[in-house]
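The analysis underlying the following values was restricted to heavy atoms, covering all of them including side chains, and did not include hydrogens, waters or symmetry mates.
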Amino acid sequence: MEIRSLDIPEEVLQFYLDSGIEKLYPPQAEAIEKGLLDGKNILAAIPTASGKTLLAELAMLKSISKGGKALYIVPLRALASEKFDRFREFSSIDLKNGKDRGVRVGISTGDFESRDEWLGSNDIIVATSEKTDSLLRNGTAWMEEITTIVVDEVHLLDSANRGPTLEVTLTKLMKLNPECQIIALSATIGNAYEVADWLGAGLVRSEWRPTDLREGVYYGGNINFRGSQKLIAASSKDDAINIILDTLEDGGQCLVFESSRRNSVGFARRAGAKVSQLLDRPTRDALDSIVEQVLENGETEASKVLAQCIRNGTAFHHAGLNSAHRRLVEDGFRENKIKVICSTPTLAAGLNLPARRVIIRSYKRFDSNFGMQPIPVLEYKQMAGRAGRPHLDPYGESVLVAKSYGEMQQLFDNYIDADAEDIWSKLGAENALRTHILSTIVNGFANARDGLMEFIEATFFAHQNDTWGLMEVVDDCIDFLKEHDMLKGDTRLVATPFGNLVSMLYVDPLSAATMLDGLDKAENITELTLMHLVCKTPDMRQLYLRSGDYELINDFVITHAEEFSEIPNQFKDTDYEWFLAEVKTALLVLDWINERPMDDISKSFNVGEGDIHALAELSEWLMHSLSRLARVRGHPAADMAGMLEKRIHYGARPELMELVGIRGIGRVRARRLYDSGLKTVEDIRKADPAVIGKLIGTKTAGKLLREIGMHIDIDPGNPDDVGSKTMDSLIGNEQSTFSDFEK
DNA sequence: GCAATTGCGTTCTAGACAGCATGTC
DNA sequence: CTAGAACGCAATTGC
């Protein structure tokens, strides 16, 4: 189908023609035929890279040209910014719809809100599903103006954690805007028709891809495909490494999936030793510049390991990396400098990072209840689907690795030839219903038990299940919410001010109850008390308790026993071990706010920088909530919690709060200034600029002074020379040697 | 005699959304 | 109760 033949505004047509798009892919054409441009709802269950985004774009732009507004819902922040960047290109499209300007795009996620004066003034708003839910809870006015909703990765409905939120949010949006067009994008799933039916959408289902995908299994020196074989030279003992070398000699790149972080790091290192021999001079130079940036942007041992890998042309990727490292690895791979990424499932879904060949080294993953479990077909398909870069690779290949002939056959049957699983609503669980029942009442979508059931009837859960069994769970939730002063009334249910706050803070009602209950029970409230309460909530992610931790943490608990609001019975070991894990998590965050160096924290808790930031971010939000909740209850701990919130944000002790408030000054620089007697902004004003320059580097010092409103040039002599190098020698930071890594 | 290999026991296990108010090293 | 990879260390084989 020709793009010229579409019923879209001239300016939109020109935009796509300019970017070289003339014809639609078959699944896209099918969506058009099913009414995409006539406002019909569409569910597109098609592979990644087969043009889902274009589908959504056409519908959104068409709708905007008629004066509408689009909401694009994504599951990941990273995806939100990827889409945001893409849609910003539409600013050149003037739809002449009376607004006399290009298409405007805004973004709204937990960590990043559009700088635009008012989010709602945009034509397209990109948001995560939780943020959409939150906006809805806060009664955002423009939600009713939405005319097109795009739901990316709608198969996430199946996720136990996050599916219910997506489901309830969509239900609310449909109730709010019954005329609204919905474009749902999904991976290939078994029961796509069921989702389509729920949404009242036309179904486009296809396996079509712009780049050929061959799925195979490696066994006995060959990659075996259905009907063909490819011999892999055995130049190393490790099969997967041989497959990598084969890919590289063919000019391609490899994405390797592993089940654990340790394995992915280990494999990237081993593979690097071989891969490095194939690198040419220009590639080496390009890699060296990435290595430099990796070292500049890391504070822990892990940076050195990553640097060594990248020097060799490989890299690992998992959630323990800090965001700078993540970006360097992803970009380095996109620019074809890094040849191999060995990743945990971080890269399986979401980010657009295709490779010539995908190797799935392990299709099993640990589950604390069932041991090693094979991953779902859906997940396999998503990993395999990463193979083949459209327009760049002639084809893509995915390879599972088998250790026996039987295993190979099994892999063919269970993955390559298998259909993806059906997806199932997880809304029936009490922990999901608890929070959504509260928000539904707060929002006025229901105000009684019957109304609640009526609302639930409109969800995907009700579409798949009988709801008669749900009544009991719903009643349990209502009881819980009443018991904790979040709801009141009998025939007519109303949210209390406290319940309203819980809903707006976006915490699980159980978290709120846990925190307040803890405050009531605690006798001697200290920072530890509050930090532990935060770590005890179901919204917090706890650290694993490793062998040896038990004794250590237990000793700590004994010496600080009176600071905990409650200590479970030590002889009910599961309870007690959970408790110890909470305490361990609290200890990490306490280390963070007591300025323990990143590297120390990383070593003693065996976590990466990414984990530390994630835990800090999480506990900051919960500490904020604790503070707000305590305040409405008139509990004196509110102030202490407020201070802790601030300290978690900056990762510093109280005395640094003034300095750390200055832009460009974080925990490390603030500490350096403070310890040299520059304890306040006023001290800095009075200080000799040269002294400040010595402490934190001339460049930063200049920025600092400008930031506090002073315009003084420092040391006009040789400005470039006094940068970070001086700093390093000042604090004895050896520019590390990496010889110890290459065994 | 010393290096390489095998064997055994131990250890550990993926990811990531949200508030609020503006900016880490 | 469930599984498997990797590592460290010791015993064994190999030259």
Next item on the list: Scan side-chain atoms only and decide if R326(A) and T346(A) contain a donor-acceptor pair under the 3.5 Å cut-off.
Entry: no
Next item on the list: Identify which nucleotide among dG15(B), dA18(B), dA14(B) has an atom closest to any side-chain atom of S260(A), counting heavy atoms from C-beta outward.
Entry: dA14(B)
Next item on the list: Mark yes or no for whether R647(A), through its side chain, and A652(A), through its backbone, hold a donor-acceptor pair below 3.5 Å.
Entry: yes
Next item on the list: Measure from CG on N263(A) to P on dT11(B) and round the result to the nearest Å.
Entry: 18 Å
Margin query: Within the 4.0 Å heavy-atom criterion, would you say A614(A) contacts the bases, only the backbone, or no part of the nucleic acid?
Written below: nothing
Next item on the list: May I ask you to say what L622(A) touches in the nucleic acid, namely base, sugar-phosphate or nothing, with a heavy-atom cut-off under 4.0 Å?
Entry: nothing
Note to self: What is the separation between atom CG on D133(A) and atom P on dA16(B), rounded to the nearest whole Å?
What the structure shows: 20 Å
Item checked: Distance between P atoms of dA18(B) and dC1(C) (Å, rounded) -> 40 Å
Item checked: Other residues, nucleotides, ligands: >12 heavy atoms within 6.0 Å of K584(A) NZ -> yes
Next item on the list: Give one of base, sugar-phosphate or nothing for D367(A), where a contact means two heavy atoms less than 4.0 Å apart.
Entry: nothing
Item checked: Distance, C1' atom - from dA16(B) to dA5(C), rounded to whole angstrom -> 25 Å
Next item on the list: For DNA chain C, note the earliest and the latest nucleotide, 5' to 3', having some atom under 4.0 Å of a heavy atom belonging to chain A.
Entry: dT2(C) to dA6(C)
Notebook entry, point to check: What is the nucleic acid contact for K646(A), judged by heavy atoms within less than 4.0 Å: base, sugar-phosphate only, or nothing?
Noted result: nothing
Note to self: When you measure from the side-chain N and O atoms of S547(A) to the phosphate of dC12(B), is any distance below 4.0 Å, counting only OP1 and OP2?
What the structure shows: yes
Check: With a cut-off of 6.0 Å (strictly less than), are more than 12 heavy atoms of other residues, nucleotides or ligands near CE of M372(A)?
Finding: yes
Note to self: Holding to ring pair (Phe, Tyr, Trp, His ring centres under 6.0 Å), I want the full list of residues that pass it with Y380(A), two or more places apart in sequence or in another chain.
What the structure shows: Y415(A)
Notebook entry, point to check: Expressed in angstrom and rounded to an integer, what is the separation of W621(A) atom CH2 from dA16(B) atom C1'?
Noted result: 11 Å
Note to self: Below the 4.0 Å mark, does dG15(B) have OP1 or OP2 next to a side-chain nitrogen or oxygen of R77(A)?
What the structure shows: no
Item checked: Secondary structure string for DNA chain B (Watson-Crick or G-U under 3.5 angstrom, | for other-strand pairs) -> |||||||||||||............
Check: So what does H613(A) touch, heavy atoms closer than 4.0 Å: a base, only the sugar-phosphate, or nothing?
Finding: nothing
Note to self: Once you apply a heavy-atom cut-off of 4.0 Å, does L166(A) come out as touching a base, just sugar-phosphate, or nothing?
What the structure shows: nothing
Next item on the list: Respond yes when some side-chain nitrogen or oxygen of R365(A) is under 4.0 Å from OP1 or OP2 of dG15(B), and no when none is.
Entry: no
Margin query: Please check this pair: side chain of Q542(A) against backbone of T585(A), looking for a donor-acceptor N/O pair closer than 3.5 Å.
Written below: no
Note to self: Both N606(A) and N138(A) contact DNA chain B. Taking the nearest nucleotide for each, which residue is further toward the 5' end?
What the structure shows: N606(A)
Check: With a non-hydrogen cut-off below 4.0 angstrom, is Q373(A) in contact with a base, only sugar-phosphate, or nothing?
Finding: nothing
Margin query: Please check this pair: side chain of S627(A) against backbone of A638(A), looking for a donor-acceptor N/O pair closer than 3.5 Å.
Written below: yes
Checklist line | Whole-Å C1' distance, dA6(C) and dG15(B) | finding: 22 Å
Margin query: Within the 3.5 Å criterion, strictly below it, is a donor on S259(A) or S362(A) matched to an acceptor on the partner's side chain?
Written below: yes
Next item on the list: Could you check S129(A) against G664(A) and say which one's nearest nucleotide on DNA chain B is further toward the 5' end?
Entry: S129(A)
Margin query: Is it true that T165(A) and E130(A) share a donor-acceptor pair across their side chains at a distance under 3.5 Å?
Written below: no
Next item on the list: Could you tell me whether R261(A) contacts a base, only the sugar-phosphate backbone, or nothing, with contacts defined as non-hydrogen atoms closer than 4.0 Å?
Entry: sugar-phosphate
Note to self: Under 4.0 Å, heavy atoms only, any strand: does S259(A) hit a base, just the sugar-phosphate, or nothing?
What the structure shows: sugar-phosphate
Check: Hey, does R162(A) reach any base, or is it just sugar-phosphate, or nothing, if we go heavy atoms under 4.0 Å?
Finding: base
Margin query: Check this for me: does the side-chain of E645(A) come within 3.5 Å of the base of dG19(B) through a donor and an acceptor?
Written below: yes
Next item on the list: Check the distance between dG15(B)'s C1' and F366(A)'s CZ and give it to me in whole angstrom.
Entry: 16 Å
Next item on the list: May I ask you to decide if M143(A)'s main-chain N or O and T140(A)'s side chain share a donor-acceptor pair within less than 3.5 Å?
Entry: no
Item checked: Test item: F316(A) and V329(A) side chains (from C-beta on) under 4.5 Å apart, heavy atoms -> no
Notebook entry, point to check: Reckon S134(A) touches a base, only the sugar-phosphate, or nothing at all at heavy-atom distances under 4.0 Å?
Noted result: sugar-phosphate
Notebook entry, point to check: Just checking R671(A): base, sugar-phosphate only, or nothing, at a heavy-atom cut-off of under 4.0 Å?
Noted result: nothing
